[in-house]
Amino acid sequence: MTESALTVDNLTVRFGGIVALADVSLTVRAGSRHGILGPNGSGKTTLFNAITGMIMPQSGRVLLAGREITRLAPHARVSLGLARTFQITSLFPSLTARENVVLAALPALRRHRGAWRPAADREVAERADRLLTDLGLSHLADRPVVSLGYGEQRQLEIAVALATNPRVLLLDEPTAGLSAAETRTVVSLIQRLPADLTIVLIEHDLGVVFDLAEHLTVLAHGERIADGPARFVREDPIVKEVYLGG
Amino acid sequence: MRFWIFQTLNGLTTGALLFFVASGLTVVFGLMRILNLAHGALFLFGGYVGLTVREETGSFLLALLAGAVAAGLLGLAIQQAFTRTLLRSPFNQVLLTLGIAFILGNAILWIWGGEPQRIRPPEALQRSREVFGVYYPVYRLFLIVLAGLAGVLLWLLWERSRLGAIVRACVDDRAIATAMGIRVDRVFAIVFTTGAALAGATGVLGAPVLGLSIGLEFDVLLLAVVVVVVGGIGSLTGAFVGSMAVGLLDAFAKAKFPELSYFTIFAPVILILLLRPTGLFGRALE
Amino acid sequence: MRGRGELIVLLGAAILACAPLLFGVYWTNLLTQAIIFGGAALGLDILVGRTGMPSLGHGAFFGLAGYGVALGVTRWSWNPWLAAAFGILATIAIALAFAPLAVRARGLTFLTVMLAFGQVCWGLATRGGEFTGGENGLPGIRRPSLGLDFWDLDSPDGFYLFTLLVATILTLAIARLAASPVGLSLQGIRDNDRRMLALGYNVAARRVVAFVVAAAAGAVYGALSAFFNGFVGPGSLDWRLSAQLLLSVVIGGAGSLWGPFAAGGALHIVRTYLTGETQRWPMVLGALYVIAVLVLPGGIASIGGVLRRRWRRPRRQAALESAP
């Protein structure tokens, strides 16, 4: 049994009377590529929000590499190695791509406090540039985010998440709203990410999910209806009926 | 006891005038997120136009009408010329509307001179009469009653009329209102013009009490901005309650602790805004 | 990048230091005030431009420090240096006490809170009776002495150079802060404060830092202004001064630091000139504001970009037209 990078244990989230997540459990193995599938409103983003601490669950537990993080503040989870991207691009629009990455990297390096030394000293700047180069974004480094195209912003979003030096990366619909060509770029970018990085992704585009994920969890109406290796889940009759329109 | 009644009436008079000015400001603010710092100058401009008409024709009613029309037209012109610039950034709003306020204030000085002026109240309302045991100018009582009536009227317009429903829809969510086929730009023109006209009319109505002088436009503006933010941006109820509260606070503070008069108005403002950043009757925007 | 910024500040200071050789007393005094208002605008830009918190009450810190200096020198007969330290430190203490409350408000609510704060200070100064001199203010503020034979702060040139020195040191410090992790995080907070929270930044504490830094700069220049004029009055707490500082930031280009400095200085010179030349100066000034918004919505600091685009457009069009 390989160690679990992220474990969600009987998680329940309610908004008023509406149950957004009902008793959902899943285990993400370290270094795996784990896809979360489900129709709109099935609780996928709610699951991410609960894992990252943006909302608090009513019951259940979240464990990061065996450590319970259910009640921790979002930024405390970031410093433990949990990063995410957002469905709606969430960058710093008037800053350059490099500055975006630097801002995300500073807390991870414990260098975010000084008021007297430069923010992007050689080490931080080199780290940011290396990250941008690795993702094939180095040509954008000095451009302000507002001047970037939507596809470029989605890629930068991944770079910003990686800058926090995560062990687990949650990607919320990384290809939503992209053209076919841009989608291919982002998919190959995700495929090139380090193999020891654990990735959980929400995705609508089934082609993308089956390209990237080896393990799938399927949600519907806030409940887990299937979980297992991608090739089995794909053939699961319940999944076909509920989600693939069977 | 008579002191309290007297100061309460004073406070309500100030509150009434503030409400007329603040109601236009708050709706424009709520509708387009535009803080019009030229609103006070429109108030003063209307007042001076009214002064001329009152002296030429002798009619207070004509003066009131002229003040409203003049300020309304000027407001419409500003709105038509600058809306797109104003919507671009809040910083530019401050710069542009303050610039207009300076231009207008100086133009008023140029046309009417720097002497403080006063408009005589309508002849029928020039006396004083006894209310609750104190003698009080009838004209001021008239203003208080008028504010009450205007409050009810505006409330009906806001809550019951088609235009009110449209404006409220736009305040709540401009994007959805646009999607529903509402011409937000036209609604905005109407609201801006109405607000300006109301400010101009208030300039005339207030002139027998506050007088007309250069600098008054900013005194009124600052208080109106405070009323709008404390009451809650875009809320007419908030503007009414806020105006009366500031008016009463001002009256009592000036009478009781003249040396602390600014402190007693603005310190509670700070407190309220820190406890309720959206204002008393406001909801979170953006 | 960083070394270049510091070099530009020092170069600018060196050029300005030559001014007394070229100009007479009138211009030297005018430039002294221009540096004071430009510097205060630059300090305010940390709060308004970098952190995105528009304040319409910043003049309060300028005026409070001035009153602190005046009270020390005239009421309590302190050494002017001690009075300066008292005025500045007391103002910073007030800012530090008020900041945690004030930064809870955002946007126009913050603007109004600061307006109210400024009005409270103004009201206390005008109604302060004997103690604050009421409407008349406090005259008779002696300037400090450096104890150097060749540098007399009572002379226009001497005080000008002293002001320039203080402004240079302060500007270098602020520029250094702006480029630091804290400085960069302020821009992040302006752009997307929730994301900053999620990344692990203490957003509220950093807003306090921006608030206090801006207030401290305002206090230093307020003290300089009090010494320059030998007098403080309620005019130094008037909301119009706050408006002028905020407008300087906007006209200069919020967030660019050097733009607000240039605009703050230029605005004071233009204003002084217009006041002397014409009764219609508020109208001309108002027209300048309107034109500034229409022509340079990004402020003076954006002029380079605007000119570059103007320059490029015809060429690109020419290239398109010459294409087959």
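Everything quoted here is computed from the prediction, not taken from an experiment. We name chains A, B, ... by the order of the sequence lines, and we start the count at 1 in each one.
- Using a 4.5 Å cut-off between heavy atoms, C:F98 contacts chain B through its side chain alone, with no backbone atom that close.
- Between the CE atom of C:M283 and the CZ atom of B:F102 there is a distance of 12.5 Å, given to the nearest 0.5 Å.
- Only the side chain of C:L111 comes within contact range of chain B, with at least one heavy atom under 4.5 Å from a heavy atom of that chain.
- The greatest number of non-hydrogen atom pairs below 4.5 Å with chain B, out of C:P297, C:G299, C:G134, C:A102, is found for C:P297.
- B:A267 approaches C:V120 most closely through the heavy-atom pair N-CG2, 3.8 Å.
- Atom-to-atom distance recorded for B:I103:CD1 and C:Y289:OH is 10.5 Å, nearest 0.5 angstrom.
- For chain B, no part of C:I291 is nearby; none of its heavy atoms comes within less than 4.5 Å.
- The shortest side-chain heavy-atom distance between B:V229 and C:L108 does not fall under the 4.5 Å cut-off.
- Put simply, the side chain of C:T109 gets close to the backbone of B:P277: a donor and an acceptor are under 3.5 Å apart.
- For the atom pair CG (B:L95) and CD1 (C:I251), the distance works out to 5.0 Å, reported to the nearest 0.5 Å.
- Looking at C:L124, only its side chain comes within 4.5 Å of chain B, counting heavy atoms on both sides.
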side-chain contact (heavy atoms from CB on, under 4.5 Å) between C:V293 and B:F82, intermediate numbers included: CA-CA 10 Å; C:V293 171; B:F82 295 119; over 6 Å; no

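- Contacts between C:A254 and chain B at a heavy-atom distance below 4.5 Å involve the side chain alone, from C-beta outward.
- Of the residues considered (B:L104, B:T97, B:L222), B:L222 shows the highest number of contacts with chain C, using heavy-atom pairs under 4.5 Å.
- Heavy atoms from other residues, nucleotides or ligands lying under 6.0 Å from CZ of B:F252 number more than 12.
- A distance of 11.5 Å separates CZ of B:F266 from SG of C:C121, quoted to the nearest 0.5 Å.
- Taken to the nearest 0.5 Å, the CG atom of C:L56 stands 8.0 Å off from the CG atom of B:L98.
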Check against side-chain contact (heavy atoms from CB on, under 4.5 Å), B:V228 and C:T112: CA-CA 10 Å; B:V228 167; C:T112 313; over 6 Å; no

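- The shortest distance between side-chain heavy atoms of C:V48 and B:F91 falls below 4.5 Å.
- Using a 4.5 Å heavy-atom cutoff, the side chains of B:W110 and C:Q279 are not in contact.
- Between the OG1 atom of B:T278 and the CZ atom of C:R106 there is a distance of 13.0 Å, given to the nearest 0.5 Å.
- The number of heavy-atom neighbours closer than 6.0 Å to CZ of B:F3, taken from other residues, nucleotides and ligands shown, is above 12.
- Heavy-atom pairs under 4.5 Å with chain B peak, among C:R240, C:R280, C:R104, C:R127, at C:R280.
- If you measure heavy-atom distances from B:L96 to chain C, the contacts under 4.5 Å come from both the backbone and the side chain.
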